[in-house]
Amino acid sequence: MSKYPFNEIEKKWQKYWEENKTYRVTEDPSFPKDKRRYVLDMFPYPSGAGLHVGHPEGYTATDIYSRYLTMNGYNVLHPMGFDAFGLPAENYAIKTGTHPYTTTKKNIENFRRQLKSLGFSYDWDREISTCDEEYYHWTQWIFEKLYEKGLAYEASTPINWCPSCKTGLANEEVKEGRCERCGEKVEKKNIRQWILKITAYADRLLEDLDSLDWPESVKAMQRNWIGRSEGASVNFKIDGMDEYLEVYTTRCDTLFGATYMVIAPEHRLVKELTTVEQKEAVEKYIDETKHKSDLERTDLAKDKTGVFSGSYAINPVNGKKIPIWIADYVLISYGTGAIMAVPAHDDRDWEFAKKFGLPIIEVLKSEVDVQKQAWTEDGIHVNSEWLDGLNKKDAIEKMLSWLEEHKCGHKAINYKLRDWVFSRQRYWGEPIPLVHCPNCGTVLVPENELPLTLPEVEKYEPSGTGESPLVNVESWVNCECPKCHGAAKRETNTMPQWTGSCWYYLRFIDPHNHEAFVDPEKEKYWMPVSLYVGGTEHAVLHLLYSRFWHNVLYDLGLVSTKEPFQKLVNQGMITSFAYQKKNKSLVPVDKVKETEPGKFIEEDTGEEVTQVIAKMSKSLKNVINPDDFIRNYGADSVRMYEMFMGPLTESKPWATNGFMGVYRFLDRIWRIISERNIVDIEPEKELDRLTHKTVKKVTEDTETLNFNTAISQMMVLVNEINKLESVPKKTLETLALLLSPYTPHLAEEMWEMLGHKPSISKEKWPSYDPAKCIDDEVEIVIQVNGKLRSKLMMPVNSSKEAVLDAVRKDGKTSQWTEGKTVIKEIVVPNKLVNLVVK
RNA sequence: GCCCAAGUGGUGGAAUGGUAGACACAAAGGACUUAAAAUCCUUUGUCCGCAAGGACGUACGAGUUCGAGUCUCGUCUUGGGCACCA
């Protein structure tokens with residue numbers, strides 16, 4: 001009895017692949033364009049914790065697919081690298097004084113070791129790290145292209161500020177009013193920032209989504225995030241002043257119902273509109289709102305606050321004077337930061353009007369009393385002079401032409417998408433290659449001086465006042481202006497976490513190029529990415545930012561495709577089991593005992609608990625470390641199990657028992673190959689048929705990434721083989737080939753044991769004969785009135801008449817048809833007969 | 001509140017509108033063994049029945065169809081995203 005020696009096998013083949021550069025890929029011109037594929041993983045941030053079980057899931061999926069494509073005659077680019085700038089290394093540096101580069105390098109080494117131990121077919125010669133000077137040289141270079149194109153601007157605006165990370169954040173990095181990284185409440189802070197004009201690409205980022213083979217949910221998230229809305233811009237004259245107040249509205253048809261206006265506390269006209277009598281009240285209110293965090297402002301959503309400015313505007317449609325209020329339920333960052341309020345038909349305006357006693361006028365025929373609640377559904381226009389009787393669509397159209405005719409408004413489009421706040425007041429990121437010169441203003445660092453490298457610093461601690469630790473490095477900050485050669489100062493902000501990943505897929509194509517970020521010919525050879533697999537957490541961060549950068553590069557003629565990632569697949573999260581008490585609190589796994597199947601109790605209290613699925617967490621003691629499983633059961637088992645758990649895109653719980661089943665499966669294969677009598681004979685007909693069926697199923701399911709069902713079919717074949725005294729060599733060769741993308745180490749070993757030269761990964765994928773997949777006899781199901789009543793074995797492709805004849809002779813069927821009239825006979829060839837009787 | 005997914009045995013999950021539960025786990029029984037592990041064999045959706053067999057069954061309620069886990073409408077639940085966006 002030889003135990004499955006996964007450890008020796010895996011070490012042996014990993015060494016072989018490394019020494020022989022088995023997975024090296026070149027831009028071989030003999031492959032036509034349609035025989036090239038670029039299969040990409042979302043590269044990891046090399047955290048100190050190492051790989052978690054989620055990583056091998058997506059990585060195994062792309063590895064199987066890449067190996068499958070290679071065996072089918074494709075030239076496949078399948079690279080790996082590291083997204084290496086990030087806060088954990090920097091925070092560790094603050095605590096210990098260790099340079100983030102040292103920490104990061106160590107973590108990368110660990111990650112690389114772990115990835116290699118899983119036997120992925122990456123071309124390691126193409127490995128990149130975003131924190132390498134060689135790499136960020138070109139990140140800075142692309143930034144300069146954006147700057148030259150006018151897509152980067154400096155502004156002092158109130159931005160999201162994380163007091164814990166002590167840095168500004170982009171809108172995309174704020175989740176439910178909290179910092180995406182650390183969960184701290186986000187504040188508003190007015191600091192000087194570099195901002196990228198992503199909004200200039202809003203329309204294209206929206207429209208091009210239609211051309212992408214991406215999950216609908218991710219497309220929907222991006223659409224919502226971009227948040228395009230069509231409406232009108234309307235100018236209200238301010239009473240007694242030579243000023244206009246511009247508002248944005250999607251319902252200009254309700255203009256007759258506008259009974260007051262509201263401007264955001266940060267609006268530029270606040271001062272001018274505030275009258276002497278209201279000055280004190282307004283100042284007090286503005287001061288209050290300033291001290292509210294974003295979260296507080298939204299938490300208090302129910303209770304509206306505001307103050308009257310003292311001024312009035314003129315409603316352009318009826319000349320009525322309406323008061324202008326200041327309230328923080330109007331956001332400065334959307335539209336014009338000012339609204340016309342139609343309290344009868346908007347919940348928020350209604351609440352505000354009620355609280356402050358403002359008039360409510362019904363302008364859409366309502367099914368409720370608008371004095372008692374707002375009517376927000378559609379309705380025919382009333383109290384609206386020349387709009388009365390019209391529906392929404394016609395009224396909007398008529399109002400738009402009226403506004404344009406009277407030069408007080410026009411059609412307008414608005415987006416929820418905001419420009420990308422691009423500077424971080426931190427150390428461990430790409431320096432922004434700009435110089436501030438008292439004479440020349442902002443000047444780019446010349447291309448031939450790139451990369452602008454990060455200097456050594458004494459302390460990594462951010463100042464917290466809105467400046468990066470780089471300000472203290474005088475020798476670095478003080479520099480010569482590239483233009484006038486006078487004394488100047490460097491920009492001390494760094495780029496955000498997401499920058500390196502905006503273009504890394506391009507660098508994999510040509511990672512060692514010193515002349516350009518990518519060679520245009522090589523870029524054309526590989527792009528676009530054919531399959532991109534990763535988690536859904538990047539739906540509006542990385543995936544939106546990189547599309548934006550790619551669009552810009554496309555406009556500059558630097559890349560050949562409009563979009564970077566043609567097909568996107570989101571792997572599901574690997575969760576874990578946990579146990580829940582009646583009061584919904586969760587009990588750690590090690591405190592629970594299974595008393596009988598499906599029944600669990602908490603050991604300490606004896607209370608019955610139910611098994612639930614929960615995220616892995618240290619406190620629940622249900623975190624799975626892939627290293628342990630690789631060590632104890634082999635990488636092939638880990639790969640196979642993660643693919644067997646369920647559909648790639650679903651989230652699913654890790655079950656160690658289920659893992660053992662997969663391990664047993666591989667062990668069984670090992671025992672067959674190492675102990676069974678292997679003979680060079682043609683397989684029997686039934687085994688041959690099953691083999692062809694298996695090749696068919698595994699081929700189809702691998703192609704469509706349905707790995708779990710492909711594996712179950714291989715199990716069916718192995719179960720049959722396992723019954724044989726002597727096994728045809730040919731069948732085992734086919735099995736080895738089918739297994740090779742899934743369990744490459746075991747497959748290489750089998751291939752060698754069967755007398756072949758390595759590497760199996762260079763062999764041709766097996767083909768199947770459709771004719772040999774068909775059974776001689778098929779089971780025909782007989783239904784009476786749609787209910788299963790009998791079954792018959794019939795020769796395949798029996799005629800309708802023959803089948804019906806057999807059914808009539810079938811005793812079981814006649815029990816159900818006796819004394820009744822058959823009014824319809826439905827025959828599905830080789831499958832089923834349904835008799836409709838009365 | 002709005003926008004997306006998803007609800008199938010004790011568990012993970014299979015099922016081009018055509019036999020619901022493939023494959024695997026867990027469990028029970030058996031073989032081998034001094035014993036255990038490993039391995040192999042058998043049973044296993046629920047209910048009634050000794051059995052043959054029958055009834056029920058894919059969150060719930062309707063509908064379309066000869067036939068619905070699958071299609072349509074409504075309801076509920078869970079997960080994810082967004083949220084004072086005018």
Side-chain angles (χ1 to χ4, degrees), chain A residues 1 3 175-177 215-225 227 229 231 247-251 254 262 297-302 304 327-331 333-342 346-349 351-352 376 414-418 536-537 539-540 570 572-573 575 577 594 596-599 611-613 641 644-647 649-662 664-665 667-668 671 706 708-716 719 722-723 779-791 812 823-826 828 831-837:
Chain A
M1 278 278 170
K3 197 179 169 288
K175 304 275 170 205
E176 293 178 351
E216 276 311 313
S217 59
V218 176
K219 289 198 205 180
M221 272 191 243
Q222 292 213 349
R223 284 193 192 104
N224 287 342
W225 192 260
S229 87
V247 302
Y248 173 75
T249 174
T250 51
R251 294 301 301 266
T254 61
V262 186
R297 249 168 102 157
T298 47
D299 267 358
L300 300 169
K302 292 288 165 296
K304 296 270 178 299
D328 65 3
Y329 82 90
V330 170
L331 308 175
S333 48
Y334 186 75
T336 59
I339 62 155
M340 62 177 215
V342 184
D346 181 283
D347 288 323
R348 297 152 301 176
D349 296 346
E351 270 172 50
F352 192 82
T376 55
N414 246 302
Y415 300 92
K416 288 186 197 170
L417 183 71
R418 312 273 191 276
T536 183
E537 66 273 18
V540 289
N570 284 134
M573 207 195 318
T575 53
F577 288 112
E594 186 168 12
E596 52 185 278
K599 202 171 169 181
Q611 192 180 51
V612 292
I613 289 166
Y641 174 61
F644 183 63
M645 290 170 86
T649 53
E650 299 294 292
S651 107
K652 50 220 169 268
W654 179 281
T656 299
N657 281 331
F659 178 93
M660 293 313 294
V662 168
R664 277 202 285 272
F665 169 58
D667 184 52
R668 184 173 302 156
R671 277 183 284 114
N706 293 114
N708 55 330
T709 46
I711 294 166
S712 68
Q713 182 64 38
M714 290 193 259
M715 287 173 169
V716 171
N719 287 345
N722 200 34
K723 292 176 187 161
E779 191 180 50
I780 307 274
V781 167
I782 302 161
Q783 298 181 335
V784 178
N785 286 346
K787 280 201 189 281
L788 174 71
R789 294 304 180 193
S790 183
K791 292 172 187 177
K812 267 192 198 162
I823 53 172
K824 205 167 178 184
E825 291 165 330
I826 288 134
V828 182
K831 271 239 164 87
L832 159 147
V833 174
N834 189 12
L835 303 177
V836 185
V837 300

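In the text below, chain A, chain B and the rest are named by the order of the sequence lines, each starting its count at 1. All values derive from a computational prediction rather than experimental measurement.
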Query raised in the report: At under 4.0 Å between heavy atoms, what does A:P215 touch on the DNA or RNA strands: base, sugar-phosphate, or nothing?
Result: nothing
Report task. Could you measure between the two P atoms, the one in B:rA59 and the one in B:rG13, and give it in whole Å? Result -> 14 Å
Query raised in the report: Nearest to the side chain of A:K652, which nucleotide is it out of B:rC66, B:rG13, B:rC40?
Result: B:rG13
Report task. Answer with yes or no whether A:N834 presents, from its side chain, a donor or acceptor under 3.5 Å of a partner atom in the base of B:rC66. Result -> yes
Query raised in the report: What interatomic distance, in whole Å, is found between C1' of B:rG53 and the corresponding atom of B:rA38?
Result: 41 Å
Query - B:rG81 OP1/OP2 closer than 4.0 Å to side-chain N/O of A:R223 - result: no
Query - Phosphate-side-chain proximity, A:T536 and B:rG80, N/O vs OP1/OP2 below 4.0 Å - result: no
**Report entry** Ring geometry between A:Y641 and A:W654 (parallel below 30°, tilted from 30 to 60°, perpendicular above 60°)
**Finding:** perpendicular
Requested in this report: Specify the closest pair of heavy atoms between A:T250 and A:S229, including all atoms of both residues, with the distance to one decimal.
Outcome: CG2-OG, 3.9 Å
Query raised in the report: Should A:I339 and A:Y329 count as side-chain neighbours, where that means a heavy-atom distance under 4.5 Å?
Result: yes
Query raised in the report: So which nucleotide from B:rU39, B:rC23, B:rC84 ends up closest to the side chain of A:D328?
Result: B:rC84
Requested in this report: Please state the P separation for the pair B:rA62 and B:rG57 - nearest whole angstrom.
Outcome: 12 Å
Query raised in the report: Between B:rC84 atom C1' and A:M340 atom CE, what is the distance in whole Å?
Result: 17 Å
Report task. To the nearest Å, give me how far apart CG (A:N719) and P (B:rC40) are. Result -> 9 Å
Requested in this report: Taking the side chain as every heavy atom from C-beta outward, state whether A:N719 and A:R668 have any pair of such atoms under 4.5 Å apart.
Outcome: yes
Query raised in the report: Of all the choices, B:rG12, B:rC84, B:rC40, which nucleotide is nearest to the side chain of A:R671 once you look at every atom?
Result: B:rC40
Requested in this report: Take atom CG of A:N570 and atom C1' of B:rG81, then tell me their distance rounded to the nearest Å.
Outcome: 12 Å
Query raised in the report: Has the side chain of A:K304 got a donor or acceptor that lies under 3.5 Å from a partner of the other kind on the base of B:rC84?
Result: yes
Report task. Can you figure out which of B:rA22, B:rA26, B:rG18 approaches the side chain of A:S712 most closely? Result -> B:rA22
Query - Intermediate values then yes/no, side chain to side chain contact (heavy atoms under 4.5 Å, CB included), A:K416 and A:W225 - result: CA-CA 6 Å; A:K416 288 186 197 170; A:W225 192 260; over 6 Å; no
Requested in this report: Could you tell me the separation between the CD1 atom of A:I823 and the P atom of B:rC66, rounded to a whole number of Å?
Outcome: 10 Å
Report summary line: Against the side chain of A:N657, the closest entry in B:rU11, B:rG18, B:rA26 is B:rA26
**Report entry** Span that lies between the P atom of B:rU39 and that of B:rC47, in whole angstrom
**Finding:** 31 Å
Query raised in the report: Could you walk me through whether A:Q783 and A:I826 pass the side chain to side chain contact (heavy atoms under 4.5 Å, CB included) check?
Result: CA-CA 9 Å; A:Q783 298 181 335; A:I826 288 134; over 6 Å; no
Query raised in the report: Between A:R664 and B:rC25, is there a side-chain N or O to OP1/OP2 distance below 4.0 Å?
Result: yes
Report summary line: Contacts of A:F577 and A:P647 projected onto RNA chain B by closest heavy atom; the upstream (5') one is A:F577
**Report entry** Any A:M221 side-chain heavy atom under 4.5 Å of A:T536 side chain
**Finding:** yes
Requested in this report: Would you classify A:F644 as touching base, sugar-phosphate or nothing, given that sugar-phosphate means primed atoms plus P, OP1 and OP2, and contacts are heavy atoms under 4.0 Å?
Outcome: base
Report task. Determine, for A:F352 and A:K304, whether the Lys NZ or Arg CZ falls below 6.0 Å from the six-membered ring centre while staying within 45 degrees of the axis. Result -> no
Report summary line: note: A:D667, atom CG; B:rU39, atom C1'; distance rounded to Å ~ 9 Å
Report task. In whole angstrom, give me the gap between the C1' atoms of B:rA26 and B:rU11. Result -> 7 Å
Query raised in the report: Roughly, in whole Å, what's the span from CD1 in A:I826 to C1' in B:rG67?
Result: 7 Å
Requested in this report: Select one nucleotide: of B:rG12, B:rC84, B:rC23, the one nearest the side-chain heavy atoms of A:V716.
Outcome: B:rC23
Query raised in the report: From the list B:rU19, B:rA14, B:rG12, which nucleotide is the closest neighbour of the side chain of A:N708?
Result: B:rA14
Requested in this report: Under 4.0 Å between any heavy atoms, over every strand shown, what does A:N414 touch: base, sugar-phosphate, or nothing? Just pick one.
Outcome: nothing
**Report entry** Nearest non-hydrogen partners of A:V836 and A:N785, listed with the distance
**Finding:** CA-OD1, 3.3 Å
Query - Assigned glycosidic conformation for B:rG67 [threshold 90° from 0] - result: anti
Report summary line: Looking only at B:rC66, B:rA15, B:rC23, the nucleotide nearest the A:T709 side chain is B:rA15
Requested in this report: Check whether any side-chain heavy atom of A:V612 sits under 4.5 Å from a side-chain heavy atom of A:F577, and report yes or no.
Outcome: no
So which protein nitrogen or oxygen atoms get under 3.5 Å of nucleotides 2-5 of chain B's nitrogens or oxygens?
none

Query raised in the report: Which part of the nucleic acid does A:S333 contact within heavy-atom distance under 4.0 Å: base, sugar-phosphate only, or nothing?
Result: nothing
Query raised in the report: Please give, in whole Å, the distance from B:rG18 C1' to A:R789 CZ?
Result: 16 Å
**Report entry** A:V781 side-chain proximity, nearest of B:rG13, B:rG18, B:rU19
**Finding:** B:rU19
Requested in this report: Run the numbers on A:M715 and A:F644 for side chain to side chain contact (heavy atoms under 4.5 Å, CB included), then give the verdict.
Outcome: CA-CA 11 Å; A:M715 287 173 169; A:F644 183 63; 3.8 Å; yes
Query raised in the report: Looking at B:rC23, B:rC82, B:rC84, which one has an atom nearest to any side-chain atom of A:K175?
Result: B:rC82
Query raised in the report: Once you round it to whole Å, what is the distance between C1' of B:rU11 and OH of A:Y641?
Result: 10 Å
Query raised in the report: With respect to the phosphate group of B:rA86, does any side-chain polar atom (N or O) of A:Y334 fall under 4.0 Å of OP1 or OP2?
Result: yes
Query raised in the report: Reckon A:R418 touches a base, only the sugar-phosphate, or nothing at all at heavy-atom distances under 4.0 Å?
Result: base
Requested in this report: Tell me what A:V836 touches on the nucleic acid: a base, only sugar-phosphate, or nothing, going by heavy atoms under 4.0 Å.
Outcome: sugar-phosphate
Query raised in the report: So what does A:G335 hit on the nucleic acid, given a heavy-atom distance under 4.0 Å: a base, only sugar-phosphate, or nothing?
Result: nothing
Query - Sugar-phosphate only, base, or nothing, as touched by A:V662 at under 4.0 Å among non-hydrogen atoms - result: nothing
Query raised in the report: Is there a side chain to side chain contact (heavy atoms under 4.5 Å, CB included) between A:M340 and A:R251 once you walk through the steps?
Result: CA-CA 10 Å; A:M340 62 177 215; A:R251 294 301 301 266; 5.7 Å; no
Report task. May I ask you to verify whether the side chain of A:E779 and the base of B:rU19 hold a donor-acceptor pair under 3.5 Å? Result -> yes
Query raised in the report: When you compare B:rA37 with B:rG21, how far apart are their P atoms, in angstrom units rounded to a whole number?
Result: 33 Å
Requested in this report: Can you tell me, in whole Å, how much space there is between the C1' of B:rG10 and that of B:rC3?
Outcome: 36 Å
Query raised in the report: When all nucleic acid strands are considered with a 4.0 Å heavy-atom cut-off, which category describes A:D349: base, sugar-phosphate, or nothing?
Result: nothing
**Report entry** Span that lies between the C1' atom of B:rC60 and that of B:rG12, in whole angstrom
**Finding:** 25 Å
Query raised in the report: Does A:K787 make a side-chain N or O approach to OP1 or OP2 of B:rC56 shorter than 4.0 Å?
Result: yes
